[in-house]
Amino acid sequence: MSLSPLFQIPPEILLDCIELLDYKSLLTCRQVCRQLRNLVDEDAACQYTLDLYTAGLEDGPSFSGTLSDRFAALNQYREGWDQLKWRDAQMDVPMKQGGLWELYGGVLAQQTQTKTFEFTRLPGISRGIASNTWSLEKQRYKVRDFGMDPSQDLLVLLEKPGLDGYSHDWVHRAHFLSLEKNPGAPHPLAKGGPVISHAQNFMDPEMSYTIQVSGNLVGILIHTIQAGENEFLVWDWKSGERKLYLTGDEIRAFTFLSDQHVLLCVLDLFPVEDEDVEPTLVVVDIQRSGAGEPENILRLDECIVLHCPPFQDTVGIASFGIRADPSPTWRPDEKSSIPFHLARDNRLYVVTLWIQVQNNALPLWVNLFIPSSTFMSVVKSTPKDASGPHSVSWEAWGQEGSRLMISDLPQSHTWVCYVYGTRYIALEPHQKGNEKVWCRVYDFNDLPIRRGQLNVKPENVIEKDSEMVSPRVSAEVVYQTGPITLKSGKIFKDDVTSTLPFRWKSVELDILASERKCAIMCSEDNIIIVNSTSSMGVKHVVGSNALLMQSRS
């Protein structure tokens, strides 16, 4: 039998070509024939590409190290997170008590009491990221809120609304500035101007903002309490062009789903007769929606409405939010020398409902964990010529594409960076007195779950149907592959089953339960312990590092 023309190419040239392929093409090559499978399996560069894919990572843009250096960094990074292994590096960052803070892209930003800003780049040992600090002087205007994207050297300062003397409107202004290269200078890519304005004909003294940057897009949700209604706007910050303008108090939160789609938490507390009060997740195509006159969210035609399980009439919904970090288009600066970073399709969306159940003294938290693949599968399957809102039932999207859990331990409303990539972190609820506080890290990355459960003790693989996640603290990795079914009754009108697999592991923190006034957050390289009472100066951190933020009050 004659060789395929492919294998008449000199082996070293063929390998050079194969090593340029992405992981999807490599997986396809392995299925073509035995010769190609052997080439891929025996080549270190190909295996590195596949190992990155398995870990939910992408190659860095300009890392100059050898392949051996890349493997060493990857193995150290995976070991740190898989084993929640504390590193030697220690860091202590005092709280600045300025009222504003942000953690994004590995940079912690805080406003000080003198209205300057201080920035700390968090170190990452395995990825070779060094700590760095810098500051921004007080601005000539009062900053009401801010956002940032270190990968684009972008800082967005939201100026406190001011009265326009000519139109008598209240004007919101977003300033697009350099974050680190030339702190406070107008951003050079803001070709439409460094300031974008939005006018309202009312002023609410209790107004607040949610802001997020995703590539060229910046989204701002203006929350109102006393006057008007919530407004959600998306701009292309580089051109200054407005892309989307939606209104309605039903809009409770948002996050970006792709460079084209935004995801809204929508809750109508006053539905028409015979309809339930039902939280929904609404996907809006920014490119297909109008950006001219404001459009009410309940009258929006071109959108996808994902229904959540209906609650009992006796359940009150106090809040409805969503978190996902970083944005779906985020990647490091092209000049960054890190060996790898989070893959752009590797995101977990955490939806949280704070509910009050009748006859319960304390509220409960309903957490819904949804990978980006679930949303994008719904988007791709929705007919492009669909007229009116496209409605998708919970059974069609959520039962197999998400995981729903109930908790009586609240997430912090202030320190909200509890998800990064496919990891979610929370405090364990059980410790008392002189016991140490523990936290639990969940991971929803599918490939390590499928492979890892084959190599652990049988008691650490939960395959049977249950009503809750195991409450036990475990220093070993536990794999939850069986469904969770929440029975109808006090909370939901019907049985609610969810089956998305995940794994979790607990780790002890050097904080006594009796002193427990802390919150827990995570980034790509760190677990961050926010401790408002400890007088200790330094704590260990995990993953590749750990960080303690302390109050000086």
Side-chain angles (χ1 to χ4, degrees), residues 100 102 141-147 156-164 166-176 192-193 195-214 216-237 239-257 260-270 279-305 317 319-323 327 351 389 416:
L100 297 176
E102 180 65 275
Y141 47 85
K142 184 172 182 180
V143 178
R144 181 62 183 81
D145 208 338
F146 75 102
V156 186
L157 298 183
L158 297 182
E159 182 180 347
K160 183 180 179 180
L163 183 64
D164 184 290
Y166 179 75
S167 65
H168 300 292
D169 286 334
W170 289 92
V171 181
H172 305 260
R173 294 182 177 88
H175 300 256
F176 297 89
V195 180
I196 289 177
S197 300
H198 174 66
Q200 292 180 320
N201 59 8
F202 63 89
M203 175 57 183
D204 185 345
E206 296 187 40
M207 184 179 297
S208 62
Y209 300 92
T210 300
I211 178 172
Q212 188 180 89
V213 178
S214 181
N216 292 357
L217 302 175
V218 59
I220 299 176
L221 176 58
I222 305 173
H223 304 263
T224 60
I225 302 296
Q226 296 185 2
E229 58 183 351
N230 293 352
E231 296 187 0
F232 174 61
L233 303 106
V234 177
W235 287 273
D236 182 326
W237 66 267
S239 68
E241 179 185 1
R242 191 170 69 196
K243 295 291 186 179
L244 186 66
Y245 186 4
L246 300 175
T247 65
D249 287 338
E250 297 81 10
I251 306 173
R252 299 305 180 92
F254 84 97
T255 190
F256 286 100
L257 189 57
Q260 183 178 340
H261 300 91
V262 69
L263 183 64
L264 305 175
C265 292
V266 177
L267 180 65
D268 184 4
L269 292 176
F270 305 100
T280 57
L281 298 170
V282 178
V283 179
V284 179
D285 188 329
I286 298 169
Q287 296 181 6
R288 297 182 64 183
S289 301
E293 293 301 314
E295 189 166 7
N296 187 275
I297 184 63
L298 297 182
R299 294 192 289 272
L300 189 64
D301 284 332
E302 294 190 1
C303 63
I304 303 171
V305 180
I317 301 175
S319 69
F320 184 18
I322 188 167
R323 290 288 305 183
S327 71
V351 175
V416 294

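Side-chain atoms are counted along with the backbone in the values below, which use heavy atoms only and exclude waters and symmetry mates. Because the structure is predicted, anything quoted here is derived from the model rather than measured.
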Check: [Y] and [X] side chains under 4.5 Å, non-hydrogen atoms:
X: Val262; Y: Thr255; result: no
X: His261; Y: Phe256; result: no
X: Leu281; Y: Val266; result: no
X: Pro279; Y: Ile317; result: yes
X: Glu102; Y: Phe146; result: yes
X: Ile222; Y: Leu233; result: yes
X: Ser319; Y: Arg252; result: no
X: Phe232; Y: Thr210; result: no

### Task
Could you give me the CA-CA distance, side-chain angles and deciding distance for Leu158 and Val143, then say whether side-chain contact (heavy atoms from CB on, under 4.5 Å) is met?
CA-CA 6 Å; Leu158 297 182; Val143 178; 5.8 Å; no
Closest contact, heavy atoms only, [X] versus [Y]:
X: Gly240; Y: Trp235; result: O-CD1, 3.9 Å
X: Leu300; Y: Pro389; result: O-CG, 3.4 Å
X: Ala253; Y: Gly321; result: CB-CA, 3.9 Å
X: Val351; Y: Phe320; result: CG1-CE1, 3.5 Å
X: Arg173; Y: Ser197; result: CG-OG, 3.6 Å
X: Glu229; Y: Gly248; result: OE1-CA, 3.6 Å

### Message
Run the side-chain contact (heavy atoms from CB on, under 4.5 Å) test on Val234 and Val218 for me, step by step, so that the C-alpha distance in whole Å, both residues' side-chain angles and the decisive distance to 0.1 Å come before the verdict.
### Response
CA-CA 6 Å; Val234 177; Val218 59; over 6 Å; no
Atom [atom1] in [X], atom [atom2] in [Y]: separation rounded to 0.5 Å?
X: Asn216; Y: Ser239; atom1: CG; atom2: OG; answer: 8.0 Å
X: Leu221; Y: Gln212; atom1: CG; atom2: CD; answer: 11.5 Å
X: Leu263; Y: Cys303; atom1: CG; atom2: SG; answer: 11.5 Å
X: Lys142; Y: Glu159; atom1: NZ; atom2: CD; answer: 11.5 Å

### Query
Is the backbone N or O of Ile225 less than 3.5 Å from a side-chain atom of Asp204, with the two atoms forming a donor-acceptor pair by type?
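Present.
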### Task
Start with the C-alpha gap between Val282 and Ile304, add the side-chain angles, then the distance that decides, and say whether side-chain contact (heavy atoms from CB on, under 4.5 Å) holds.
CA-CA 6 Å; Val282 178; Ile304 303 171; over 6 Å; no
### Worked verdict on Gln260 versus Asp285 for side-chain contact (heavy atoms from CB on, under 4.5 Å)
CA-CA 6 Å; Gln260 183 178 340; Asp285 188 329; 2.8 Å; yes
### For Ile297, the option from Asn230, Asp249, Leu264 that meets side chain to side chain contact (heavy atoms under 4.5 Å, CB included)
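Running side chain to side chain contact (heavy atoms under 4.5 Å, CB included) over Asn230, Asp249, Leu264 with Ile297 returns exactly one hit, Leu264.
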## Note on the structure
Sorted by chain and number, sequence neighbours left out, side-chain hydrogen bond (donor to acceptor under 3.5 Å, both in side chains) with Arg288 holds for Glu302
With no hydrogens and no angle check, do the side chains of [X] and [Y] hold a donor and an acceptor under 3.5 Å apart?
X: Glu295; Y: Thr247; result: no
X: Gln200; Y: Asp169; result: no
X: Glu231; Y: His198; result: yes

### Query
Residues in ring-ring contact (aromatic ring centres under 6.0 Å, His included) with His172, at least two apart?
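By the ring-ring contact (aromatic ring centres under 6.0 Å, His included) rule, His172 matches Tyr209.
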### Message
Between the side chains of Lys243 and Glu241, is the shortest nitrogen-to-carboxylate-oxygen separation below 4.0 Å, so that they form an ion pair?
### Response
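Salt bridge flag = yes for Lys243 with Glu241.
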### Query
Sequence neighbours excluded, which residues qualify as salt bridge (Lys or Arg N to Asp or Glu O under 4.0 Å) partners of Arg323?
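Applying salt bridge (Lys or Arg N to Asp or Glu O under 4.0 Å) to Arg323 gives Asp325.
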### Message
Tell me whether Glu293 at atom CD has more than 12 heavy atoms from other residues, nucleotides or ligands lying less than 6.0 Å away.
### Response
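At most 12 heavy atoms, drawn from other residues, nucleotides or ligands, come within 6.0 Å of this atom.
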